Amino acid sequence: MSVVPTTFAEWKHCITVTCDIPLTEKYVRERIAALTDKDDFQTRKFIERWGDAHHARTLEWFKEAAVELQS
C-alpha cells in the first residue's frame with residue numbers, strides 16, 4: 001500500500017486502522033461538510049498539501065463511507 005491511499009479500501013484502512021479513527025456517522029458527516037466547504041481553513045490546507053484531485057477523491061470516499069454506514 002502506498003503512503004497516499006489510491007482506493008477506498010486503502011483509505012478506509014488508513015483512517016480506521018493506521019489512524020485508529022472510527023468512521024462514525026457523526027465523524028463522516030462532519031468531514032463531508034468540512035471538505036465540501038472550500039472556505040474551511042483545514043480544507044484549504046488539505047488542498048494546498050494534497051491537491052484538488054486527492055481532495056475530490058477523499059470527499060468521494062467519505063461519501064462512500066456514509067452510504068456504507070446506512071447499510
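Every value quoted in this text rests on a predicted model; they were computed, and no experiment measured them. The analysis underlying the following values was restricted to heavy atoms, covering all of them including side chains, and did not include hydrogens, waters or symmetry mates.
The line from CH2 of Trp61 to CD of Glu10 is 7.5 Å long, rounded to the nearest 0.5 Å. The structure places CH2 of Trp11 at 13.0 Å from CZ of Arg57, a figure rounded to the nearest 0.5 Å. Of the inter-residue distances, the one linking Thr7 atom OG1 with His13 atom NE2 reads 11.0 Å to the nearest 0.5 angstrom.
Closest approach of Trp50 to Val4, counting heavy atoms only: CZ3-CG2, 3.4 Å. In terms of heavy-atom proximity, Leu23 sits nearest to Val28 at CD2-CG2, 4.0 Å. When all heavy atoms are compared, the tightest approach of Ala34 to Asp40 is O-CB, 3.8 Å.
Between Leu59 and Ile32 the shortest side-chain heavy-atom distance falls below 4.5 Å. Side-chain contact check for Phe46 versus Gln42: every heavy-atom pair is 4.5 Å or farther apart.
Listed by chain and residue number, Glu30 satisfy the side-chain hydrogen bond (donor to acceptor under 3.5 Å, both in side chains) test with Lys26 (two or more places apart in sequence, or in another chain). Partners of Asp37 according to the side-chain hydrogen bond (donor to acceptor under 3.5 Å, both in side chains) rule, which considers only residues two or more places apart in sequence or in another chain, do not exist here.
Linking ILVMFWY residues whenever their side-chain heavy atoms come closer than 4.5 Å, directly or via other members, leaves Ile47 and Phe62 in distinct clusters.
Residue His55 forms a side-chain contact (heavy atoms from CB on, under 4.5 Å) with just one option from Lys38, Arg49, Arg44, Glu60, and that option is Lys38.
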